[in-house]
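Numbers restart at 1 for each chain; the letters A, B, ... are given by sequence-line order, proteins then strands. Heavy-atom basis, side chains included; hydrogens, waters and symmetry copies ignored.
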Amino acid sequence: MPELPEVEVVRRGLARWVTGARIGPVEVAHPRPVRRHLPGIADFCARLAGTVIQDAVRRGKFLWLPLDSGEALLAHLGMSGQLLLAGDGVADERHLRVRVRLSVPDPGGGPPAISQLRFVDQRMFGGLAVVPLVATPDGLPAGIGGVWEPSAPLLPPPVLHIARDPLDPHLDESALVERLRRRRTGIKRALLDQTLLSGVGNIYADEALWRARLHYARPTEGLSRPAVRRLLAAVREVMGEALAEGGTSFDSLYVNVNGESGYFDRSLAVYGQQGRPCPRCGATVRRDAFMNRSSFTCPRCQPRPRNG
DNA sequence: CGAAGCCCCTGTTCGC
DNA sequence: TGCGAACAGGGGCTTC
């Protein structure tokens, strides 16, 4: 499943390889991934055809390509989505949902010559839409990327309520710490609340809580400022490590755009590790049902709060 | 406004 | 061997 560091690697690959590309005909093989484009499939295709991609920008797990039409192609990969660059000779993937034909003026040596952007998604939680771009409420850059800006920083409306993510240099950490401490809920719920902080999914929440030695049910009420800051530092740390691995595991970003990740299977201390020893203290990692999901903790490093 | 729960989706794995 | 249930989970949406 694509997590924030992988989405960032995809963003970098797209920025590198398709900035300046002109979009040609668009084929929608399955209507579901375009369901959030309310005017329909024909309108989706018509708005894309003939435009030129200006940039690739990301906030949390939302990714968009600003177009010279003033609109943007907005993407969310959901659980199983991939954005792949391909040449015409590459066989269609089994779950190919949308094909965007491209003409890339300067292929720049990416083998083979890129002529398609493909949205491949088995489970179709993710999707694409063509959306307008509106000014960011705070006047600051919309997210990561955004080298190209017409005059003011711009954001797709569906991303307006999404908070900045841990990799965003404009994240106001002090304000976040205070907002989080005013919440009356468990710390993992708060960590997963995209209106507070975006891009943290179940895996990174569990890994960061383990590093900060906090149980997922620990009430936000009563968490000290330093404790919250330690947790945010842990989130940033684990994501930074994953990004470093994703960025160095392969020779070129072109490969990473094609959906590879170097992070999982390694480096995970607790997520998916039930029954195995905690890497820090050796106690047996446990798995609990929480929020209709799984939560993994070390019972010794992360003791359950009395009233949790 | 905040908190919490439901639901969407399909391939894989597991239990009977 | 076959079949249905459980599971994976981000985020939109609804309700209180």
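Atom NE2 of A:H30 and atom P of B:dC8 are 15 Å apart (whole Å). If you measure from atom CZ of A:F290 to atom P of B:dA4, you get 9 Å, rounded to the nearest angstrom. As a whole-Å value, the separation of A:L196 CG from B:dC1 P is 13 Å. For A:L77 and B:dC9, the CG to C1' distance is 15 Å, given to the nearest whole Å. One can place CG of A:N202 at 10 Å from C1' of C:dG10, the figure rounded to the nearest angstrom. Spacing between atom CZ of A:F119 and atom C1' of B:dC9 amounts to 12 Å, rounded to whole angstrom units. For the pair A:D193 CG and C:dG12 P, the interatomic distance rounds to 11 Å; values are reported in whole Å. Atom NZ in A:K61 sits about 5 Å away from atom P in C:dG10, given to the nearest Å.
Remark: A:S224 pairs with no residue by the side-chain hydrogen bond (donor to acceptor under 3.5 Å, both in side chains) rule, at least two apart or across chains.
Distances shorter than 4.0 Å separate none of the side-chain N or O atoms of A:R123 from OP1 or OP2 on C:dA8. Between A:R184 and B:dG2 there is no side-chain polar atom (N or O) within less than 4.0 angstrom of OP1 or OP2. Side-chain N/O atoms of A:S80 include none lying less than 4.0 angstrom from OP1 or OP2 on B:dC9.
Between A:L231 and A:L191 there is a side-chain heavy-atom pair separated by less than 4.5 Å.
Side chain of A:R94, nearest nucleotide from C:dG10, B:dG11, C:dG12: B:dG11. Residue A:H76 has its side chain nearest to C:dG11 when only C:dG11, B:dG2, B:dC9 are considered. Comparing C:dG12, B:dG2, C:dG10 against the side chain of A:F62 picks out C:dG12 as the nearest. Considering only the side chain of A:E3, C:dG10 comes nearest among C:dG10, B:dC9, C:dG11. When the nucleotides B:dT10, B:dA3, C:dG12 are ranked by their closest atom to the side chain of A:Q122, B:dT10 comes out on top. Side chain of A:M79, nearest nucleotide from C:dG11, B:dG2, C:dA8: C:dA8.
By the 4.0 Å N-to-carboxylate-O rule, A:K188 lies close enough to A:D206 to be salt-bridged with it. A:R164 has a carboxylate O that lies under 4.0 Å from a charged side-chain N of A:D138, or vice versa, which qualifies the two as a salt bridge.
A:S294 comes within 4.0 angstrom of the backbone, heavy atoms only, and of no base. Here A:G78 lies out of heavy-atom contact (under 4.0 Å) with every strand. Backbone-only engagement by A:M124 is indicated by non-hydrogen atom pairs under 4.0 Å involving sugar-phosphate atoms exclusively. Within 4.0 Å of A:H161, counting heavy atoms only, lie sugar-phosphate atoms of the nucleic acid but no base atom.
When the nearest nucleotides of DNA chain C are assigned to A:R36 and A:F296 by heavy-atom distance, the more 5′-ward of the two goes with A:F296. Nearest-nucleotide positions on DNA chain B for A:R35 and A:R189 put A:R189 closer to the 5' end. Between A:R287 and A:I162, it is A:R287 whose nearest contact on DNA chain C lies nearer the 5' terminus. The residue among A:R293 and A:R179 whose nearest nucleotide of DNA chain B is located toward the 5' end is A:R179.
The number of heavy atoms from other shown groups lying within 6.0 Å of CZ (A:R276) does not exceed 12.
Nucleotide B:dC1 forms no Watson-Crick or G-U wobble pair with any nucleotide shown, as no partner meets the under 3.5 Å limit on both distances.
Annotation: cation-pi geometry satisfied between A:R189 and A:F290 (NZ/CZ under 6.0 angstrom from ring centroid, within 45° of ring axis).
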